[in-house]
Amino acid sequence: YQMSRVLTPEERKRWRAATMSMMERMMQMDPREGINPFATKMKAKPGLSFDDVVQSLTLRANRLNLKHVGNNALWQDFRAVLGDDKAPRVEVLSFCDIELARELLRVIPELVVFMPCRIAVMEDADKQIWVRMLDWDITWVEQAGKAAGVTPDLRRDVAHIREKMESVMRAGANGEL
């Protein structure tokens, strides 16, 4: 659980400058297209209710030993706090593989900012239901794993968590119980 050093403002500035050409290209994109590669999404089968989708993905997560550690019903706050009755229904469900979280944090404590794993269920403008999550592309683990002290077993487990999360998404999108 050895925390990495705190970057100075100057180091952050240099890092941003080094990545600026990539960032400039992204900023020229439509913002929706710029973020789209970072999301995995599936459209729910027609006829499924929002609650059906949430129930199915929660049950699959439980079956895969992913602990349901939180639920953020944003749409309720849109209504209660902002008075927005037209906003779509959106809920963010949080899941955690406790053992994998512990092992990852032993090696790279900064990963805590990405934990727990989240899956969002959201209606679009046409009231169609979508299931979405951060695309857990683990290429970086494969490339940086040895330098960061990530063992082959831990790399395998990280890849497996992505498979589990996609299975959870599919179950929700298909209404599988």
Side-chain angles (χ1 to χ4, degrees), residues 1-7 32 34-44 48-82 87-124 129-145 147-177:
Y1 301 102
Q2 183 63 45
M3 199 67 64
S4 297
R5 66 187 178 82
V6 175
L7 297 176
R32 293 169 52 151
I35 198 69
N36 202 20
F38 297 101
T40 298
K41 56 190 167 193
M42 298 175 188
K43 188 174 178 181
L48 290 175
S49 73
F50 196 97
D51 291 332
D52 290 340
V53 172
V54 170
Q55 180 183 25
S56 292
L57 67 85
T58 303
L59 289 171
R60 174 65 57 88
N62 185 55
R63 194 171 96 200
L64 295 174
N65 203 28
L66 292 172
K67 185 176 181 180
H68 185 201
V69 295
N71 191 47
N72 184 352
L74 286 170
W75 67 280
Q76 291 176 344
D77 288 332
F78 295 160
R79 292 180 179 166
V81 177
L82 303 175
R89 187 168 175 185
V90 57
E91 293 187 24
V92 181
L93 294 92
S94 299
F95 300 96
C96 188
D97 179 317
I98 305 293
E99 185 176 356
L100 179 58
R102 181 190 62 192
E103 297 307 313
L104 283 170
L105 292 177
R106 282 183 178 167
V107 178
I108 309 171
E110 290 75 15
L111 282 174
V112 74
V113 301
F114 293 105
M115 294 179 183
C117 297
R118 290 172 296 279
I119 296 177
V121 181
M122 182 176 180
E123 293 176 335
D124 66 14
I129 302 167
W130 292 82
V131 183
R132 302 168 181 210
M133 74 172 186
L134 175 66
D135 185 1
W136 279 98
D137 181 337
I138 60 152
T139 304
W140 66 272
V141 174
E142 290 298 325
Q143 294 172 351
V150 177
T151 66
D153 287 343
L154 189 52
R155 287 196 301 271
R156 182 200 65 232
D157 292 345
V158 170
H160 195 214
I161 195 75
R162 183 172 196 242
E163 293 167 7
K164 285 181 178 183
M165 293 296 288
E166 285 185 0
S167 175
V168 169
M169 287 180 62
R170 271 191 307 282
N174 292 324
E176 298 168 2
L177 298 178

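Quick note: residue numbers are just sequence positions, from 1.
Judged by distance alone, with hydrogens and angles left aside, the side-chain atoms of R118 form a donor-acceptor pair with the main-chain N or O of P116 at under 3.5 Å. Listed for the H160 side chain is no donor-acceptor partner under 3.5 Å among the backbone atoms of R162. S94 places no side-chain N or O within 3.5 Å of a backbone atom of V69 that could act as its donor or acceptor partner. For the pair D52 (side chain) and S49 (backbone), a donor-acceptor distance under 3.5 Å is present.
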Criterion side-chain contact (heavy atoms from CB on, under 4.5 Å) on H68 and L93, from CA distance to verdict: CA-CA 7 Å; H68 185 201; L93 294 92; 3.8 Å; yes
Stepwise side-chain contact (heavy atoms from CB on, under 4.5 Å) test for I161 and L66: CA-CA 9 Å; I161 195 75; L66 292 172; 3.4 Å; yes
Worked check of side-chain contact (heavy atoms from CB on, under 4.5 Å) between N71 and E91: CA-CA 7 Å; N71 191 47; E91 293 187 24; 3.3 Å; yes
side-chain contact (heavy atoms from CB on, under 4.5 Å) between L104 and F114, intermediate numbers included: CA-CA 11 Å; L104 283 170; F114 293 105; over 6 Å; no
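The shortest distance between side-chain heavy atoms of F50 and V121 falls below 4.5 Å. Under the 4.5 Å side-chain criterion, counting only non-hydrogen atoms from C-beta, F95 is not in contact with N62. Contact annotation: the side chain of Q55 approaches that of L59 to within less than 4.5 Å [non-hydrogen atoms, C-beta and beyond]. The side-chain heavy atoms of M133 and C117, taken from C-beta on, include no pair separated by under 4.5 Å.
In E99, the CD atom is not crowded: 12 or fewer heavy atoms of neighbouring residues, nucleotides or ligands sit closer than 6.0 Å. Counting heavy atoms of neighbouring residues, nucleotides and ligands inside a 6.0 Å radius, atom CG of D77 exceeds 12 of them.
For the side chain to side chain contact (heavy atoms under 4.5 Å, CB included) with V158, the lone residue among L100, D153, L111 that qualifies is L100.
Residues P88 and M122 come closest through the heavy atom pair CG-CE, 4.1 Å. Across all non-hydrogen atoms, the minimal contact from G175 to L48 is N-CD1, 3.4 Å.
Ionic pairing of D51 and R89 is present here: one or more N-O contacts between side-chain nitrogen and carboxylate oxygen are shorter than 4.0 angstrom.
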Side-chain donor-acceptor pairs under 3.5 Å in residues 163-173, sequence neighbours left out?
| residue | atom | partner | partner atom | Å |
| --- | --- | --- | --- | --- |
| K164 | NZ | L64 | O | 3.2 |
| K164 | NZ | D97 | OD2 | 3.4 |
| S167 | OG | R60 | NH1 | 2.8 |

